[in-house]
Amino acid sequence: MAIGSFLDDDEGRKKKKLTPQQASVKMMKYCAYQERSQHEVRQKLYEHGLYSSEVEEIISELIVEGFVSEERFAIAFSGGKFRIKAWGKIKIRHALQQHKISDYCMKKAMQAIDDTAYLESLKLILQSKWEKLRGKKDYERKNLTARFAQTKGYESELIWQMLREDQQFNA
């Protein structure tokens, strides 16, 4: 590597261009810290000024060594977003698509979310929003509550089924 081989980052700071060996070690540490998608790793490698062939070779090495697994990432990502942020399956699926996760891995990730916990989470979201909308007419409360749950990524059919069937929302 030539002395003074630098790249500009987004803020205009100079970033040192890495050799493929340096980048490989750096990505192993990056992936060991938390689950990463191939897309995230690929972007990071391009930021370090590597060529396409070098990037693909490093990603292949990371997959073989077990540092990167698309399926493992999808399951960990979806579980975390569901448990911590209470996202619904639609929002999780969309986020996984942004990480360029395969349909097979997305399906596995959705199956990893427990149906009972999913419905319970939706119910808690609906109850919480319902309580915050006191003083409004019931039809308005239902619409606002449903819209809120949809922004969290829950399916309209499930939302409306719960709003119709649960006595709390039909008093």
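Of all heavy-atom pairs between Glu70 and Cys105, the closest is OE1-SG, 3.6 Å. Annotation for Ala23 and Leu45: closest pair CB-CD2, 3.8 Å, computed over non-hydrogen atoms. Cys31 and Val68 make their closest contact through SG-CG2, 3.6 Å (heavy atoms, listed as atom of the first residue, atom of the second, distance). A pairwise comparison of heavy atoms in Gln22 and Lys17 identifies OE1-O, 4.3 Å as the closest pair. Closest non-hydrogen pair, Phe82 versus Tyr154, comes out as CE1-OH, 3.9 Å. Across all their heavy atoms, Ala149 and Leu122 have their closest contact at CB-CD1, 4.0 Å.
Considering only heavy atoms from C-beta on, Asn143 stays 4.5 Å or farther from Lys136 through its side chain. In this structure, the side chains of Phe73 and His39 stay at 4.5 Å or more apart for every pair of heavy atoms. Within the 4.5 Å cutoff, the side chain of Arg36 has no heavy atoms near those of the Met27 side chain. Between Glu140 and Leu133 the shortest side-chain heavy-atom distance does not fall below 4.5 Å.
Two rings, from Phe67 and Tyr30, have their centers 6.0 Å or more apart.
Here the CD1 atom belonging to Ile75 is positioned 9.5 Å from the CD atom belonging to Glu35, to the nearest 0.5 angstrom.
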| said: side-chain contact (heavy atoms from CB on, under 4.5 Å), that's the test. Do Leu144 and Arg147 meet it? Break it down for me. | reply: CA-CA 5 Å; Leu144 290 171; Arg147 193 175 317 147; 4.0 Å; yes
| said: Walk me through whether Gln150 and Ile90 qualify under side-chain contact (heavy atoms from CB on, under 4.5 Å). | reply: CA-CA 9 Å; Gln150 287 172 331; Ile90 294 171; over 6 Å; no
| said: Under the criterion salt bridge (charged side-chain N to carboxylate O under 4.0 Å, His left out), I'd like the reasoning laid out for Asp115 against Lys89: C-alpha separation, chi angles, the key distance, then a yes or no. | reply: CA-CA 11 Å; Asp115 290 337; Lys89 290 181 179 181; 3.7 Å; yes
| task | Tell me, with the steps shown, if Trp160 and Leu163 meet side-chain contact (heavy atoms from CB on, under 4.5 Å). | result | CA-CA 5 Å; Trp160 284 105; Leu163 286 173; 4.0 Å; yes
| task | Before giving the answer on side-chain contact (heavy atoms from CB on, under 4.5 Å), spell out for Lys129 and Arg141 the whole-Å C-alpha distance, their side-chain angles and the decisive distance to 0.1 Å. | result | CA-CA 9 Å; Lys129 188 65 176 178; Arg141 280 175 91 183; over 6 Å; no
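Not one N or O on the side chain of Ser128 forms a donor-acceptor pair closer than 3.5 Å with the backbone of Leu124.
The aromatic rings of Trp87 and Phe77 sit perpendicular to each other, their planes meeting at more than 60°, with 30° as the lower class boundary. Between Phe169 and Trp130, the angle of the ring planes goes over 60°, which puts this pair in the perpendicular group of the 30/60° scheme.
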